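In this text, all values refer to a predicted model and were calculated from it rather than measured experimentally. Residue numbers begin at 1 in each chain, while the letters A, B, ... track the order of the sequences.
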Amino acid sequence: MLKFKKELKNQIFQRLKDKFPIELDSLKFNYTPNHKLGDLAVTICFELAQKLKRNPREIAEEVINYLKDIPFIERVEIAGGGYINFFIQKDRFFLNQLRNLQEISLEPEQRKIVVEHTNINPNKAAHIGHLRNACLGDTLVRCLRYKGEKVEVQNYIDDTGVQVGDVVFGFLELEKKSLEDIKKIDGKFDYYCWDLYTKVTKYFEENPEAQEKRAYILKRIEEGKNPEAEIAEHISNRIVKAHLNTMRRIGVTYDLLPRESDILRLKFWEKAFNFLKEKKAIQFVTEGVNKGCWVMRFEDEPEKEKIIVRSNGTVTYVGKDIAYQLWKFGLLGRDFYYKIFEKNNGQLIWMTTSKNGENKNIEFGKASKVYNVIDVRQSYLQKIVAQSLKLLGYEEEAKNSIHFSYEMVALSKKCLEEFGLKISPEEKKKSFLEISGRKGLGIKADDLLDKLEEKALNEVEKRNPQLDPDLKTSIAQKIMTGALRYFMLKYARNSIIVFDFDEALNFEGETGPYLQYSLVRANSIFRKLEEKGIFSEKEINNLIESELSLDELSEQELADFWSLVFYASTFEEEVLNSINSLEFSHLAKFAFNLSQKFNSYYHSYQILKEENKNLKKIRILTVYYVKEILRKALNLMGIPQPEIM
RNA sequence: GCGCCUGUAGCUCAGGGGAUAGAGCGUCGGACUCCGGAUCCGAAGGUCAGAGGUUCGAAUCCUCUUAGGCGCACCA
């Protein structure tokens, strides 16, 4: 449809440019509310009416004279107050779509793109908020790759931060455990730390004097090469592995795990600090509340100062982030060393190291565009990171530093009750509650995935009890992933998801399993055709290459056929639109609407029993086309496709 | 206090200048000897928070009011 529209637009422009004051860019197509009115509409006559001070309808009658005999257009009509509506030649359009089904009309625009997502503190289990981040990030990656972009996925590991420090404190001070003791802990280590972290938080509230020890441990971790740092590394590595396992369950993976400890040890910050000082992007404050700090000031709000280096000389989180962002663009002039962290089915996940002598042959970073998938609460900080690139003179890179922001997942009061989580009277007044790893307030990702999988398995059991148990499990996993990923994508990113188990565990209506089910039905038609020796999908090209006539279709069937095919043909437009607006709910809605139209069609028109050969052929082609488009859409959303369910 | 975001059907949300404001859930009623009922068809349900304005045209853009959320750390 993208290509089709572009060509049609050119046709119209060429025919009208000398007759009317129009510009190519102002020519846009609208979809008509109903195919009875036409397929594509143009509203230029309303704009021309203003310029020419004439009635739009009159202008339309003139304009239409120049729009005869356009390729692929059956006829052109005037409607309403001055719309010009185009009717597409359905048979030719459809064959054309089928013949170009494997072609991608999107084109890459960047040299290389880095997408950073997930970024969970490696001190506790992943929760449902992290799942939203990973689903959005991974879908972005899939769409960009479909578009033809070269994409590198990074999952930043903050292994020297306070959060890890606090768990180290918990092991050392509260549980009196050595590294050896910690290594002996079996079972779900990320769950263990989830609980421990909550205990530590509570302990700090009740024992303010412990702050000194807390700061000491953090400092030791930052320095490295000591027992505290060793424990921190052990915790971090083990929890990162747990996170990778969780994300692998829903088909999310990464190329590189950059660690904060390596940023520190390889002195990335020093280099960035020098740049910032040289370019006078930051200033040293000699008086006032921020005396002794290095701060950044902003054009739009000069009264505000953001502290980058504290008066004790230590760098803040934003400072490290600036260095990291510079590195992503290849602007830092320093690099990491790399080692393989995990190998899975031939797919490698690399991790940075600071050990000289490790792998230097592989290249990461050096992107021309960077997406940071981080929730909306960090907008201010992300603005500072982009701003600092600008202050350093990297205008282009600043513009290409994209904060992919999205709203949080919050907890409904109902779901807190179901999980037996305790809340204060103050919190009870709110309509929903923010997830808090610190307080242990949240639903762990693996718990939700387990529940989904269990329910899916039950449903499979009900419908297909005869299946092999391993197959049932594998189907249940696919359904779990489909349900979760669709749930995370269906809401606009600006919308707070107030988590509710009934909604998340629903497999009917606007859900992932509904999409999967639609595809299963379509596949099932082809399976049956093959089993009965009527038709094999391998021969589909024979049908596509032969002639096609829609004359025998009833008026109703022609309308239903066209509504389905036309909508399916807008797929790539939806993908591009989703990438440009970073709104993958568009893609989700597209797949859902397409499934709805398909299910309705499926219900009305038989294939196996149809005796009219021509009708049968048209229907086979229609289902094939829709099925292929739906497969592509599901792939981009990371929703797996079971053969049966 | 300043900044950003949000208010659309009973509930959860789409639609972000263009034709009759949509979907899911829930409610009520229905679906053939039928390719899978995780489905389909139908019904009820709306002052698009309120008031002004811009426009040929506003749920959509602007201003104000109002209700709510989130930011604004020498935390990350």
Exercise. Go along nucleotides 26-33 of chain B 5' to 3' and tag each nucleotide: B for a protein heavy atom under 4.0 Å from its base, S when only backbone or sugar atoms are that close, - otherwise.
Key: ------B-

Self-check item: Base-contact (B) and sugar-phosphate-only (S) positions in nucleotides 68-76 of chain B, heavy-atom cut-off under 4.0 Å, - elsewhere
Solution: -SSSS-BSB

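A donor-acceptor distance shorter than 3.5 angstrom exists from the side chain of A:Arg485 to the backbone of A:Met637, with no hydrogens or angles considered.
For the salt bridge (charged side-chain N to carboxylate O under 4.0 Å, His left out) condition, the pairs that include at least one residue of residues 434-443 of chain A, sequence neighbours left out, are A:Arg377-A:Glu434, A:Glu427-A:Lys439. Sorted by first and then second residue, the pairs that involve residues 497-520 of chain A and meet salt bridge (charged side-chain N to carboxylate O under 4.0 Å, His left out), not counting sequence neighbours, are A:Lys414-A:Asp500, A:Lys414-A:Asp502, A:Glu510-A:Lys589.
Under the side-chain hydrogen bond (donor to acceptor under 3.5 Å, both in side chains) criterion, A:Gln596 pairs with no residue, sequence neighbours left out. Applying the side-chain hydrogen bond (donor to acceptor under 3.5 Å, both in side chains) criterion to A:Asp262, with sequence neighbours excluded, gives A:Arg259, A:Thr352, A:Ser354. Every residue two or more places apart in sequence or in another chain was checked for a side-chain contact (heavy atoms from CB on, under 4.5 Å) with A:Ser600, and none qualifies. The side-chain hydrogen bond (donor to acceptor under 3.5 Å, both in side chains) search around A:Ser595 returns none, not counting sequence neighbours. Residues satisfying the salt bridge (charged side-chain N to carboxylate O under 4.0 Å, His left out) test with A:Arg220, not counting sequence neighbours, are A:Glu228. Not counting sequence neighbours, the partners of A:Glu61 by the salt bridge (charged side-chain N to carboxylate O under 4.0 Å, His left out) test are A:Arg57.
You cannot call A:Phe592 stacked on the base of B:A23; the centres under 5.5 Å and planes under 30° rule is not satisfied.
Looking at A:Glu530 and A:Arg527, no side-chain N of the basic residue comes within less than 4.0 Å of a carboxylate O on the acidic one, giving no salt bridge.
Within residues 581-590 of chain A, the residues having any heavy atom under 4.0 Å from RNA chain B are, by residue number, A:His586, A:Lys589.
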Self-check item: Secondary structure string for RNA chain B (Watson-Crick or G-U under 3.5 angstrom, | for other-strand pairs)
Solution: (((((((..((((....[...)))).(((((.......))))).....(((((..]....))))))))))))....

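For B:C35, the OP1/OP2 oxygens have no side-chain nitrogen or oxygen of A:Gln606 closer than 4.0 Å. Listed pair A:Gln596 / B:C40 fails the phosphate criterion, with no side-chain N or O lying under 4.0 Å from OP1 or OP2. Put simply, A:Tyr514 has a side-chain N or O that comes within less than 4.0 Å of OP1 or OP2 on B:C40.
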